[in-house]
2 protein chains.
Amino acid sequence: MSNQDPSRTRRRRGSAQPTLKEVAAAAGVSSITASRALNAPERVNEETRKRVLEAVDRVGYVPNLVAGSLASARSRFIAVIVPSLANAVFIEVIRGLQATFEAQGYQILLGNTDYDIEREHRLVRTFLGWSCSALVTAGLRHTPACRDLLEHCDKPVMEVMELGEALDLNVGLDHREAGRCMARHLLERGYRRIVYVGACLDKDYRAGLRFDGHREVMEAAGREAPLIELDRLGSLEAGAAGLDRVRDAYPDAEAIHFANDDLAAGALLHGFRLGLKVPDEIAIAGFNGLALGQHLTPRLTTIKSPRETMGRQAAEQILRRLDGKRVTRRQCNVGFELLVGEST
Amino acid sequence: MSNQDPSRTRRRRGSAQPTLKEVAAAAGVSSITASRALNAPERVNEETRKRVLEAVDRVGYVPNLVAGSLASARSRFIAVIVPSLANAVFIEVIRGLQATFEAQGYQILLGNTDYDIEREHRLVRTFLGWSCSALVTAGLRHTPACRDLLEHCDKPVMEVMELGEALDLNVGLDHREAGRCMARHLLERGYRRIVYVGACLDKDYRAGLRFDGHREVMEAAGREAPLIELDRLGSLEAGAAGLDRVRDAYPDAEAIHFANDDLAAGALLHGFRLGLKVPDEIAIAGFNGLALGQHLTPRLTTIKSPRETMGRQAAEQILRRLDGKRVTRRQCNVGFELLVGEST
DNA sequence: TAGAACTATGATAGCGCTAACATGATAGCG
DNA sequence: CGCTATCATGTTAGCGCTATCATAGTTCTA
């Protein structure tokens, strides 16, 4: 059986949507002129541009960005990779990135690693496959293969959240120093038996860095630095459990340095339920500077990091680089601020 | 000055990355076989597949998804459009969507409208331009042009959060009924002078629907339904301000029905700072069932909606549709649950 | 054992757009 | 006035992949 119509050429129909060619025909110009009218208006006569825009409306044209990206070998995608969406901290960074990038016509591709650097690697591959314009990832730890990809992809790579030996661009803060800062504060307040409570420090290794700073200061002061590690990531429940575990394991503890505000707030609220006097019976400190902590009674002592700003700064640096400007300061320390409440 | 080598054809270099063709050459097969080895393994001999995969590793091939999408006229993108990233509610829905879609190899394209349906329209255009496989948007309200795009794009369109006259698929809950439910609860508890406090009800119109339900029940009971509208969206600060405004404007109010838990928790915490007895002096109720409310003392009475589940269900329905299966039940009510705490 | 059905692979032609080069018209300059 | 510079537009050839059709070999069926 032969083809019913051998003269008919092979058929393939894409999206059935109107294409630039049709717009061009409707406007009486070539398709490249239509393309320019949309993407580089200054290169086209005012009159012509108007005609093209009218034609766009008339035929209901929606640009095929996939085709455009393939042809130009670049997309207006920015890959953003974070370890978790459950943690408000990352959401705020994303918000800063998003606001800045969207205003410049970039679209964010969001990836979630669940604190797994293998998944990070997979996400990086995928996003590179989308010809993203730049990559933003939370943290400095990657698999060797992922490192390799990032180093050789020839796109701006931004590592946010922490400072250190970065691949390319880096906006963040010094977590070890933040840990030291809070430990010093607690010692200054006169507390001596201080327990650090973290959750999954292997995953949330930045909290691990803060603990390192904490321990450093404690040991320099000739004090021990006991650690309790919870097995669930930051949540109010986990914080409540943490308080119980400290009271159980270290009945004479005077203060608890929590790895983050979720845990600390959970402990504070739990302490309240138990009728515990904070900070007289036990002092509580956190990290992040979430709004919640500042609305509790007593207000939570914590360290505030400028997360949305961090996102904005990261985005701005990347945009500068994408505009062809050399970025001189590749590393940017956004710092942090000790907020002293009544909980310590 | 002529070209240095006129015989050389026009040059254009894409990403300088290895392509499928190179992989194919390295594996000694045609590029289409290499393509199949990666995308339809069952259509290729076991041996051949292995050789291709080795070649992929050898040359460091990263698939160009843009080219693939153009050729196949579909991408593994799912567009997700939410009004805000500042609101934990949407984040949780996104989490549900993300977990389900990512497991199936789909990538989420996240868009944020800032509660502006014009921006929603722009985002829909952009995402359609990316040949996304499906669209998820929070809510049933769109500009007419956006409606039109969504109706004619021939892709699964999922409207989440609320139930109603949907374009295509719909997973959500009945906000009006939720408002009724809480109003009934407050009346049953014996409160009579009840103030509803919302924030930007024109934007957060779902909270407006809940107020409608609330008012309906109040009026049926022969009671008034005073409304106080704040000008900042849900936050602890706004909730504190809301409590102050109610005490100022309605000194004899017995209960406050807040539009969401952020406001309610803010009020509860503020009341605590003021030394106000809740619920004796004033009862407080919220909506959402956030973890925070359940950790406060007194526990917040609220209505819990299964947000992550909503995301998962939405994703599953879409996946079913994308797999070619007809979805019979286009509308899915995920319901809600009244959580009675000690705050009422 | 002829034919159907299936398996494994390949050749070819796009997908819809834009980079690179080309062209013709007009303006600017000494 | 000839020459270059600039502007507005067009022609052509891909970007890297996959849909479609084609082909040869193998297995199954009656």
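Residue numbering restarts at 1 for every chain, and letters A, B, ... go by the order of the sequence lines. Side chains included, hydrogens not; waters and symmetry mates left out as well; all remaining heavy atoms used.
At the phosphate of C/dG10, OP1 or OP2 sits under 4.0 Å from a side-chain N or O atom of B/Thr33. For B/Ser35, no side-chain nitrogen or oxygen approaches OP1 or OP2 of D/dC17 to under 4.0 Å. Close to C/dG16, at under 4.0 Å from its OP1 or OP2, lies no side-chain N or O of A/Thr19. A sub-4.0 Å separation between OP1 or OP2 of C/dT7 and a side-chain N or O of B/Arg36 is absent. For the pair B/Ser72 and D/dT18, the criterion of a side-chain N or O lying under 4.0 Å from OP1 or OP2 is not met.
Results of the side-chain hydrogen bond (donor to acceptor under 3.5 Å, both in side chains) test with A/Glu120 over A/Arg141, A/His142, A/Arg125 single out A/His142 as the only residue that passes. Here the options are A/Arg147, A/Arg321, A/Lys155, the test is salt bridge (charged side-chain N to carboxylate O under 4.0 Å, His left out), and the partner is A/Asp168; only A/Arg321 passes.
To the nearest 0.5 Å, atom CG of residue B/Asn87 and atom CD of residue B/Glu92 are 9.0 Å apart. Rounding to the nearest 0.5 Å places OG of A/Ser75 at 9.0 Å from CH2 of A/Trp130. Here A/Leu135 contributes atom CG and A/Leu128 contributes atom CG; the two are 5.5 Å apart, rounded to the nearest 0.5 Å.
Non-hydrogen atoms lying under 4.0 Å from DNA chain D are contributed by B/Tyr61, B/Asn64, B/Ala67, B/Gly68, all within residues 44-68 of chain B.
Side-chain proximity of B/Leu20 to the nucleotides D/dG10, D/dA19, D/dT18 is greatest for D/dT18. For B/Leu70, the side-chain atoms get nearest to C/dC15 when compared with the rest of C/dA11, D/dC15, C/dC15. Side-chain proximity of A/Ser31 to the nucleotides D/dG16, C/dA11, C/dT18 is greatest for C/dT18.
Taking the six-membered ring for Trp and the full ring otherwise, the centers of A/Phe77 and B/Phe77 sit less than 6.0 Å from each other.
Counting only Watson-Crick and G-U wobble pairs whose two distances sit under 3.5 Å, DNA chain C takes part in these stems of three or more pairs: C:1-30 with D:1-30.
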